[in-house]
Amino acid sequence: MTVPSPEPVAEVAPLQILSPKRNKRLQTGWEGFFPYYAGYPELFARELLQSANLPRHAVVLDPWNGSGTTTYTASTLGLSSIGIDLNPVMIVVARARLLPPSEADHLRPLAATILSHARAQPPTLAPDDPLLGWFDLATASFIRGIEQNIRRSLVGSMTKSPDGVHLDRISGTAATLYVALFAACRRLVAPFKSSNPTWLRVPKAAEARITASPAAVARLFGGNVRGMADALGAKRDADQLVDDLPRLGDCRINLSNTTTMELAPASVDFVLTSPPYCTRIDYTAATRIELAVLGPLLSSSARALGRQMIGSTLAPQAPIDVDEAWGATCLQFLGALQAHPSKASRGYYYRTHLDYFDKMSRSMAHLSQALKPGGRAVLVVQDSYYKDIHNDLPKMIEEIGVHHGLELTQTSAFHLKSMSDINPGRRSYTRPSGATESVLCFSK
Ligand SMILES: C[S@@+](CC[C@H](N)C(=O)[O-])C[C@H]1O[C@@H](n2cnc3c(N)ncnc32)[C@H](O)[C@@H]1O
């Protein structure tokens, strides 16, 4: 009897890892309209996903999808993808990015109609409209008029339900016009930008609000739509020159919280993501003006949303116990933080860090569960310093991943100038400048 030779074990090719550092030079064309300070470049995602050699039916997941670099790239490679984010603004941005190039010519006429309706009938503003936080009454009314017309003409009935509007179902066209309005408002509130690039200040009660004429707002909005239409048109023209371009992959963008998300077990082939930083970045404060634009579509307040974010700057309401699952490096870090002589360290900062690791560990458990056996997960993670204590987040995420059944198979590290270098007030501590961004590749 002949003994069958054992099945050859498929070699898992190493992944191609470029620098995940965000680079202005790489943000051109259609890409350039979706800047997000916490994103990695499309080229990084593209090389990586291509090198993963995924089968056609593979599902790619980004549980912290932000501006949607992963879902956009997966879609252009013909792969199915799921993008999750808790911030409604990022849901709209990620959906806009998926607008097919064939829609390029529809954007300008739509924007012209929306602007003419907004000019003809500015709405009566609710006294608590969040836009009034930055703009005077007339300016806020005109901006709301544009928003209301995008909503009325493009946010279809499919999107509405008794509990409000499902932002994760709005059309790519509506999302694109919202992004053009976001960018116009962001330009207008530039005087309230602070030295921290992620932070937009809310003016004090006595401070003057911004005044802009309807013509000035319309010019900004219209200019953005024109730029987006041109960039998308250029992409369509370039795509037409390629013979074997894959059909765009299906993509679901879900407004959901990774600490509680429900994904079918073993349903995902590949995860590519960058988890929220542990450097006191308030992801909702970074998008305050965009949340104000979306005000009428939101089912929870910006503050309630901020509380749920991983990396929230709000101290958790209920006590959180340290969990062994967070690993030795994390527990050591928390011990050093708690023992730090500053009072706020053992109080507020200790509690916000407990909140971060509790949410992160719960999210990693869900992520691992969703991954198929043999599936891979790539996480881009940055280290940082809390005062003079090194927060080796890549090591901690590695240990949390291992605890939840993942195995680290490949890593690359890149040095970068970090956000905290530009944050004044932290200079009294000696520590190396910059940060290390690690690309952690896990297998299940
Ligand atoms: C580092 S950013 C991701 C950037 C993304 N890779 C890109 O290219 O734009 C992390 C994202 O996690 C989201 N986030 C924070 N807490 C979350 C939670 N509990 N559930 C889902 N998303 C969350 C934030 O809104 C933010 O967009």
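No experiment lies behind these values; they were computed from the predicted model shown. Whatever order the structure lists ligands and atoms in, that order sets their numbers, starting from 1.
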Which atoms of ligand 1 have any heavy atom of [X] under 4.0 Å away?
X: Asn257; value: 18 (C), 19 (N), 20 (N)
X: Ser274; value: 1 (C), 2 (S), 3 (C), 4 (C), 5 (C), 6 (N), 10 (C)
X: Tyr40; value: 6 (N), 8 (O)
X: Ser67; value: 7 (C), 8 (O), 9 (O)
X: Pro275; value: 1 (C)
X: Asn87; value: 25 (O)
X: Thr69; value: 7 (C), 8 (O)
X: Ser256; value: 20 (N), 21 (C)

Quiz prompt | Residues Glu290 and Arg186 bridged, charged N to O under 4.0 Å | solution =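 Looking at Arg186 together with Glu290, the answer is yes, because their closest N to O distance falls below 4.0 Å.
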
Quiz prompt | Under-4.0 Å salt bridge between Arg236 and Glu103 | solution =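 Salt bridge flag = no for Glu103 with Arg236.
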
Self-check item: Test of ring centre spacing under 6.0 Å for Phe333 and His353
Solution: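 Aromatic pair counts; centres sit under 6.0 Å.
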
Quiz prompt | Proximity of Trp64 to ligand 1 by residue part, where a heavy atom lies under 4.0 Å | solution =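 Looking at Trp64 and ligand 1, atoms from backbone and side chain both fall under 4.0 Å.
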
Quiz item: Can you tell which part of Gln308 has a heavy atom less than 4.0 Å from ligand 1: side chain, backbone, both or neither?
Solution: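 Within the 4.0 Å criterion, Gln308 contacts ligand 1 through backbone atoms alone.
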
[Y] and [X] side chains, donor-acceptor separation under 3.5 Å:
X: Ser384; Y: His390; result: no
X: Ser274; Y: Trp64; result: no
X: Tyr178; Y: Glu147; result: yes

Quiz item: Got more than 12 heavy atoms from elsewhere within 6.0 Å of CD, Glu207?
Solution: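 Yes, CD of Glu207 has more than 12 neighbouring heavy atoms, counting only those of other groups under 6.0 Å.
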
Exercise. Report, as yes or no, whether the 6.0 Å neighbourhood of atom CD on Gln240 holds more than 12 heavy atoms from other residues, nucleotides or ligands.
Key: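 Atom CD in Gln240 is crowded, with more than 12 foreign heavy atoms closer than 6.0 Å.
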
Practice problem: Kindly give the heavy-atom pair with the smallest separation between Phe34 and Ala96, and that separation in Å. | Solution: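 Nearest heavy atoms, Phe34 then Ala96: CE2-CB, 3.8 Å.
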
Quiz item: Quick one: does Ile84 get an N or O within less than 3.5 Å of an N or O on ligand 1?
Solution: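 So ligand 1 has no N or O lying under 3.5 Å from an N or O of Ile84.
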
Touching ligand 1 at all, [X]? Heavy atoms, strictly under 4.0 Å?
X: Met309; answer: yes
X: Asp85; answer: yes
X: Asn65; answer: yes

